[in-house]
Amino acid sequence: QPIDSVAQCAKGDDDSWLIAVDVIESMARMGDNDLLATYDVQIGPDQTLLGYNRRRRYHREDQES
């Protein structure tokens with residue numbers, strides 16, 4: 001899915017990366033009411049995907065400021 005934004009990025013104690021990305025799960029036909037989701041992603045020091053978890057789903061117009 002297309003990434004809308006990177007919300008957070010932090011280096012872990014073991015040189016892994018913890019990243020929160022907002023992904024467009026479903027584009028709205030009209031207007032700015034896309035369905036987005038925030039995923040927590042963990043990338044290992046060798047750039048392999050260690051895991052991910054969907055934190056929340058929301059419509060673009062409902063996002064927090």
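When reading the values below, keep in mind they use all heavy atoms of this one structure, side chains included, and skip hydrogens, waters and symmetry mates.
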Before you tell me yes or no, could you show the steps for Leu35 and Arg57 under side-chain contact (heavy atoms from CB on, under 4.5 Å), namely the whole-Å CA-CA distance, both residues' side-chain angles and the distance that decides it to 0.1 Å? CA-CA 7 Å; Leu35 180 61; Arg57 289 178 85 183; 2.8 Å; yes
Should Tyr39 and Gln1 be marked as a side-chain hydrogen bond (donor to acceptor under 3.5 Å, both in side chains) after you check the CA-CA gap, both sets of side-chain angles, and the distance that decides it? CA-CA 11 Å; Tyr39 284 85; Gln1 301 296 336; over 6 Å; no
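Heavy-atom minimum distance, Ala20 versus Thr38: CB-CG2, 4.4 Å.
Both Ile24 and Tyr58 belong to a single network of hydrophobic side chains, linked directly or stepwise wherever heavy atoms of I, L, V, M, F, W or Y lie under 4.5 Å apart. Hydrophobic cluster membership differs between Leu36 and Val41, with clusters built from Ile, Leu, Val, Met, Phe, Trp and Tyr side chains linked at under 4.5 angstrom. Leu50 and Ile19 fall into different hydrophobic clusters, where Ile, Leu, Val, Met, Phe, Trp and Tyr residues are linked whenever their side-chain heavy atoms come under 4.5 Å apart, directly or through other members. In this structure, Leu18 is not a member of the same hydrophobic cluster as Val6, with clusters built from ILVMFWY side-chain heavy atoms closer than 4.5 Å.
Using a 4.5 Å heavy-atom cutoff, the side chains of Asn53 and Gln42 are not in contact. A 4.5 Å side-chain heavy-atom check between Leu49 and Ile43 finds at least one atom pair inside the cut-off.
One finds no salt bridge joining Arg54 and Asp40 here, because no Lys/Arg side-chain nitrogen approaches an Asp/Glu carboxylate oxygen to under 4.0 Å.
In this structure, CE on Met27 lies 12.5 Å from CG on Asn33, to the nearest 0.5 angstrom. Atoms CD and CG, on Glu25 and Asp4 in that order, are 12.0 Å from each other to the nearest 0.5 Å. Atom CD1 of Ile3 sits about 9.5 Å away from atom CG of Asp22, to the nearest 0.5 Å.
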